[in-house]
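Structure first, then comments.
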Number of protein chains: 2
Amino acid sequence: MREMTLQTIAEEFGVSSATVSNALSGKGRVSADLARRIRARAAEIGYAPSPPARALRTGRTGVIGLVLADLSNPLFPRYARAVDAAAEAAGYGVLIADSHGDVGAQTAALQRLVRRGADGIVVVPRRGTRVLELEVPLAVIDAPSTPGNTICADHRGGGAALAARLLALGHRSLVLVGANRDSNVQRERIGGMAAALAAAGAQARTIWLEDAPAPDFPALAREGATAFLATSDLHALTVLTALQRAGLAVPAQASVAGFDDLAFSAAVSPALTTMAQDVDAVARGALAALSARIAGRAAPPEAAVAMTLIERESTGPAPATPGNL
Amino acid sequence: MREMTLQTIAEEFGVSSATVSNALSGKGRVSADLARRIRARAAEIGYAPSPPARALRTGRTGVIGLVLADLSNPLFPRYARAVDAAAEAAGYGVLIADSHGDVGAQTAALQRLVRRGADGIVVVPRRGTRVLELEVPLAVIDAPSTPGNTICADHRGGGAALAARLLALGHRSLVLVGANRDSNVQRERIGGMAAALAAAGAQARTIWLEDAPAPDFPALAREGATAFLATSDLHALTVLTALQRAGLAVPAQASVAGFDDLAFSAAVSPALTTMAQDVDAVARGALAALSARIAGRAAPPEAAVAMTLIERESTGPAPATPGNL
DNA sequence: CTGTTAGCGCCTTCAT
DNA sequence: ATGAAGGCGCTAACAG
């Protein structure tokens, strides 16, 4: 099958390729009738413009880059899908560049994308990292406390809402579990929970897993903690299984909750209560901001997308006699 | 900062842009001295070729597509990373196209990539799906029983090896847990396990989760099953937590194992024993085959990459008195 | 051996 | 309302 170009169609109609271009783009002045016939013919033979030729001419590739810097981010597939969908809707292709490991690799990934001609880049940066300025428009998805952040879930608000729900269930002695202090996202989630708990006069103790590889969660429960709130379902799962293995009943003796509604969260027993982020909305917001910047328009202001509580089986009323097992 | 092109450098040296191109590529015939000076100058000013211009001229974009059709595939991030790394090593960029849902969407994703000019495509197809022939080279990562498969992990061999290990631990009554019958990968894993078990005269019962949403695993254990082998760590986790919640000790009273070494597998308690695939090796193989096809060379024959048993805490010797709880 | 000419497919003036 | 011309940056095919 012969490759179709504007020239091919132009010859069929005995006109110039410029006229075909005009007819197809609708920009130029072409007689309505001719334009319609040209469009019909183009659709019929499945004409598609050559991306490289167009890119060469216009200086834009129609491709954006996506950098998910933190491999440990279990939302990877959902962000990839969401960004891809939003990009597709805006007429962009999505080039990925996985950045293994450290900040240097993240920077290298960004530069690779620039070299490949990305018109703009969406970055979910590695925790604790600042994305350096580049010659291409950027949209950063991280946390409000991150400099240069473009859009993200409302981690602090989500933390506060989760804490509020546990408070309503009667919990007064809780353990907050984070993994990495240098993650703005985790710090904000913890901060939101701690603030809400403190305001209600409840006891809260925070544990960072990077400090103590294997905290003794069952012991904490025996000492009176009735709820464990982790910054990720991954860590909530760690707590849940540790408690169960020690013979504690969840949620009868202790409640457990996490964040992000990961793939396994509904599949475990008891199913995990979790604070979910609207990945699609965040991705759409990032793409809107990026498109605006690429087009030279002013980007919308920084935004935070509300999180949603998904209440399942792992949370329940605080036991009447905490610690009394 | 002015954009650098071959022409820029050519003018500095008073030669034509073709000469600079020849000097840089090493292909053409340029005096050794001039070539060296040109290369030095290019490096100095950070010259990088324009991908669209090169693509327009050569007809190749230097970009391959990646389709991870099954969102539920928890290996998504690892495949994305591995394919990206292998592609980068081969000088390719990676365009993703996420295909939501059904086979039609998978086909649409492939066609989008073709329209964007992908030189070739790596596909991890949706389960139970045949990838249609396309005008671009393809590399399919699925299972040997899938028509057109290019490379994959040795699912059957992995299944057999996992079963052999449980057999060695003394287990004689096992439950095999799969999710979807239409997945070639799952069927081969189950098949490998079942064959090894049958050959040893052990009892094996297979449960497909799509048949019964919530099988009563604790009851199965009480009836004498001493080991649960799932086709994915995700389902192994479901079994593990169900058992624990019912007060059964793992692995003292029942062993549990899965496949793929997912993110949470080492984090739960007891840590999951799992049969892992070498994602990097598979990705490299896929890229080698794809590169060959793109270059018009004969692709290497279909290959299966050995899987590796990661023995952790969730498996142990069969209890002396199974079912006697 | 050393180098240059021609043109990939598209879009944007500027003439007609 | 349409066409001719030019050139984006690069490299395969030609001259010198």
key: Derivation of the salt bridge (charged side-chain N to carboxylate O under 4.0 Å, His left out) call for A/Arg284 and A/Asp280   = CA-CA 6 Å; A/Arg284 278 195 303 271; A/Asp280 290 306; 5.2 Å; no
[X] [atom1] to [N] [atom2]: how many Å, rounded?
X       : N     : atom1 : atom2 : result
A/Ile9  : D/dG3 : CD1   : P     : 14 Å
B/Arg37 : C/dT2 : CZ    : P     : 13 Å
A/Leu24 : D/dT2 : CG    : C1'   : 16 Å

ask   = Looking at B/Ser16, does any N or O in its side chain come under 4.0 Å of the phosphate oxygens OP1/OP2 on C/dT4?
value = yes
Solution key, residues 286-293 of chain A side-chain donor-acceptor pairs under 3.5 Å, sequence neighbours excluded:
| unit_1 | atom_1 | unit_2 | atom_2 | d |
| --- | --- | --- | --- | --- |
| A/Ser291 | OG | A/Leu287 | O | 2.8 |
| A/Arg293 | NH1 | A/Leu138 | O | 2.4 |

note = Reading nucleotides 8-15 of chain C from 5' to 3' and marking B where a protein heavy atom lies under 4.0 Å of the base, S where only the sugar-phosphate is that close, and - otherwise, the string is BBBBB---
task = Mind checking the CZ-CZ spacing from A/Phe76 to B/Arg78? Nearest 0.5 Å is all I need.
result =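 Answer rounded to 0.5 Å: 12.5 Å.
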query = Side chains of A/Thr129 and A/Asp102: does their closest heavy-atom pair fall under 4.5 Å?
reply =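 No, every pair of side-chain atoms sits at 4.5 Å or beyond.
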ask   = Is it the case that A/Thr150 and A/Glu302 place a side-chain donor and acceptor less than 3.5 Å from each other?
value = no
inquiry  = Between the side chains of A/Asp84 and A/Arg81, is the shortest nitrogen-to-carboxylate-oxygen separation below 4.0 Å, so that they form an ion pair?
reply    =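 No, this pair does not count.
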